[in-house]
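Data first, discussion second: the structure below is written as structure tokens.
Every number for a ligand or one of its atoms is a count from 1 in the order of the listing. Below, each value reflects all heavy atoms present in this structure, side chains not excepted, and no hydrogens, waters or symmetry copies.
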Amino acid sequence: MADFKLTYATMFNPPEELHTRFDEALAKVRAELGKEHGMFINGKDVFADEKFEDICNSNTDLVLAVVQKGTAQHAQEALAAARAAFPAWSRTPWQKRVEIMRKVADLIDERIFELGAVMALDVGKNRMEALGDIAEAADLIRYACYQMEKNEGFIVQMGKDPLPGYEARNISVLRPYGVWLVISPFNFPFALTAGPAGAALVAGNTVVMKPSSDTPWIVRLLTECFRDAGLPDGVVNFVTGPGSTVGQALIDSDEVDGVTFTGSYDVGMGIFRHFAQKNYVRPVILELGGKNPAIVSRNADLERAAIGIVRSAFGLQGQKCSAASRVLVEEPVYDDLVERLVELTNKLAIGDPTDRNVYLGPVINKKAYQDFQGYIQEIAQAGGKFLTGGKVKTGGMYDKGYFCEPTFVADLPLSHRLWKHEMFVPITTIAKVKSLDEAMQIANDVTYGLTAGFYGTEEEAEWFFDKIEAGVTYANRPQGATTGAWPGFQPFGGWKGSGASGKNAGGHYYLQLYMHEQIQTLIR
Ligand code: NAD
């Protein structure tokens, strides 16, 4: 496997050894289900009075792990541990921090198959998506290390102002803020915890991580990679429990100096507003939802367009912030494209996500399953036509999990609310447009601006890049119309309601978000 680099764009043709090793790891993981896992505060496992079960969404008979229902008190303890650890960690030479963090990335790589197997069971990702999430985490951490090294610790000699009789020494230094909170979503629990936490730590902050209550187990295993790489006690802390209690307690605390929240628009905007209540402004990095369009020109290569759109619409069951949830097609190629989309979608295998041939696993939980059914009803009532799917899967193993059919919808009036609402289930709406200008107008007429895809000539593609309001844009990409970004290749972040910083993770400008500048002037 030495010459195979796993990314979301290369994952469609993995070497056979990758499957063998995944299967071996899966057997080991399955043999050890149901164990209790602590939170991790100040270098120690911490247990709460109340527990909750992390249930498998592809087979709800399986308890994957028993985890702690942390309280506001645990949130305070974690923040206090991070505060106490900050002076020493922030003064650790950046070269040493980079060395330890590279060790974390190496440990993640070493454990990738076991972690991937847990991910498939915990989130319901198919095996390649599951392995991708783990590999992406390691690369996000490495990218932060690379940025730190490339910029030589962000210590810059500035000009000497001419002061007769004196000599000025002016140095610009980027320094960490202090205690950084990382709140992550269920859908990329590993990469979107490790990425922000990794950047915060490389920069010299200490960290408290809180995962989604749907995916605590896999983030506990990430915490163990940090622990085993030798991070000092208190530098990384991990608490579990409901967002509305333990998450809110973290957000409410004055002990937080900065936060990275990745999740839904409503919760993120709530955090943003709440965070502004303090007597000064603290950094808030928000990575929020998407309503990502794929635009298909009359000049498009329809084979590429169809495969790219199907992959992006239904990868991870439509539960990617970058999912292609709207398709806008020029009239002359509409019928041809739809025929191809239907044919490809009907071939997708739905089932146990650990099975090597399966593309769609279950949606995350019962609420998402019910949401899917609610949207289907709403679409039918509004006159939408189901080109594919439109139902949940039932019978046999399907009755034990939350399986939904990949659903393309035509003829939903463009005025319908679901054209603008992030559904986060495998439903994508398609519309016929008269011109690319009309497509662009519809594409940009949403609160979100995360990713977007285009298929057409290169000249049209340049027009698309210029006009589209989105942070991650792709043209003529069969590997995914709107999905499949990778650190160092396609840094990931959103415009408008999709993100707050305007700088993309895994790119040139991201690590700097975790530090504030100090100018040190010394007169001799
Ligand atoms: P969510 O907003 O429901 O939850 C995200 C996290 O916030 C969870 O850990 C949750 O426990 C916590 N939380 C909930 N209420 C809280 C509160 N009041 N205070 C503090 N924390 C709280 O999102 P989700 O369902 O886990 O994830 C899906 C969403 O995330 C989608 O909208 C998706 O588009 C978005 N997302 C965005 C990106 C991106 O990079 N832009 C990436 C992945 C997912």
Is K367 positioned over the aromatic face of F372, cation under 6.0 angstrom from the ring centre and no more than 45 degrees off axis?
no
Structural part of K320 in contact with ligand 1, heavy atom criterion under 4.0 angstrom
neither
Closest protein heavy atom to atom 34 (O) of ligand 1, given as residue, atom name and distance to 0.1 Å
E422 OE2, 2.6 Å
Between Y448, F424, F492, which one has a non-hydrogen atom sitting closest to atom 28 (C) of ligand 1?
F424
Nearest to atom 9 (O) of ligand 1 by heavy atom, S184, P242, G243, A75: which?
S184
Judged by heavy atoms only, the candidate from S325, G494, G268, S264 nearest atom 2 (O) of ligand 1 is S264
Result of checking I183, V219, T262, T223 against T193 for side-chain contact (heavy atoms from CB on, under 4.5 Å):
V219
Please report whether the ring centroid of F113 lies less than 6.0 Å from that of F22.
no
Using a strict cut-off of 4.0 Å, indicate which atoms of ligand 1 neighbour a heavy atom of P211.
9 (O)
Atom 10 (C) of ligand 1 has as its nearest protein heavy atom K210 NZ, 4.1 Å
Side-chain donor-acceptor contact under 3.5 Å, Y375 with T407:
no
Atoms of ligand 1 close to F261 [distance to a heavy atom under 4.0 angstrom, numbered from 1]:
2 (O), 5 (C), 6 (C), 7 (O)
Identify the closest protein heavy atom to atom 35 (C) of ligand 1: which residue and atom is it, and at what distance?
G263 O, 3.2 Å
Could you point out which residue of V296, L341, L328, I309 forms a side-chain contact (heavy atoms from CB on, under 4.5 Å) with I430?
L341
Of the backbone atoms (N, CA, C, O) and the side-chain heavy atoms from C-beta on, which set of I183 has a member under 4.0 Å from an atom of ligand 1: side chain, backbone, both, or neither?
side chain
Hey, is D266 touching ligand 1 through its side chain, its backbone, both or neither, going by heavy atoms under 4.0 Å?
neither
Select the closest option to atom 27 (O) of ligand 1 among P185, G241, A368, S213, judged by heavy-atom distance.
P185
A student checking ligand 1 against L192 at a 4.0 Å heavy-atom cut-off should list atoms 42 (C), 43 (C)
Checking F40 against F238 for the ring pair (Phe, Tyr, Trp, His ring centres under 6.0 Å) test, could you report, in this order, the C-alpha distance in whole Å, the side-chain angles of both residues, the deciding distance, and whether it holds?
CA-CA 5 Å; F40 187 71; F238 164 73; 8.2 Å; no
Quick note on ligand 1: atoms under 4.0 Å from a heavy atom of Q248 include exactly 17 (C), 18 (N), 19 (N), 20 (C)
Should you measure from each heavy atom of G289, which atoms of ligand 1 turn up under 4.0 Å away?
32 (O), 34 (O)
In plain terms, say whether E53 and K69 are close enough for a salt bridge, that is, a side-chain N and a carboxylate O under 4.0 Å apart.
no
Test item: R227 side-chain N/O and L222 main-chain N/O as donor-acceptor pair under 3.5 Å:
no
Identified side-chain contact (heavy atoms from CB on, under 4.5 Å) counterpart of L201 within the set V207, V182, I141, V104
V207
Numbered in order shown, the ligand 1 atoms found under 4.0 Å of a heavy atom of G247 are 19 (N), 20 (C), 21 (N)
When rounded to the nearest 0.5 angstrom, what distance separates CD1 in I108 from CD1 in I134?
8.0 Å
Selection from P189, G493, C321 by shortest heavy-atom distance to atom 36 (N) of ligand 1:
C321
Among D252, T451, T262, which residue places a heavy atom closest to atom 5 (C) of ligand 1?
T262
Any salt bridge linking E378 with R417? Criterion: basic side-chain nitrogen under 4.0 Å from a carboxylate oxygen.
yes
Do F314 and F408 have ring centroids that are under 6.0 Å from one another?
yes
Any protein heavy atom sitting closer than 4.0 Å to atom 13 (N) of ligand 1?
yes
With no hydrogens and no angle check, just 3.5 Å: does a side-chain donor-acceptor pair link D266 and S264?
no
Residue-level breakdown please: for A505 versus ligand 1, do any non-hydrogen atoms fall below 4.0 Å on the side chain, on the backbone, on both, or on neither?
neither
Protein heavy-atom partner closest to atom 37 (C) of ligand 1 - residue, atom, separation in Å:
L288 O, 3.0 Å
Looking at ligand 1, does any of its N/O atoms fall within less than 3.5 Å of an N/O of F186?
yes
Are any of the N/O atoms on Y265, whether in the backbone or the side chain, positioned under 3.5 angstrom from an N/O atom of ligand 1?
no
May I ask you to identify the nearest protein heavy atom to atom 15 (N) of ligand 1, giving residue, atom name and distance to one decimal place in Å?
V267 CG1, 3.6 Å
Between K278 and D252, does any NZ, NE, NH1 or NH2 come within less than 4.0 Å of an OD or OE carboxylate oxygen?
no
Candidate pair T388 and T345, rule side-chain hydrogen bond (donor to acceptor under 3.5 Å, both in side chains), full reasoning
CA-CA 7 Å; T388 62; T345 304; 4.9 Å; no
How far is atom 44 (C) of ligand 1 from the closest protein heavy atom, and which atom is that?
N187 OD1, 3.2 Å
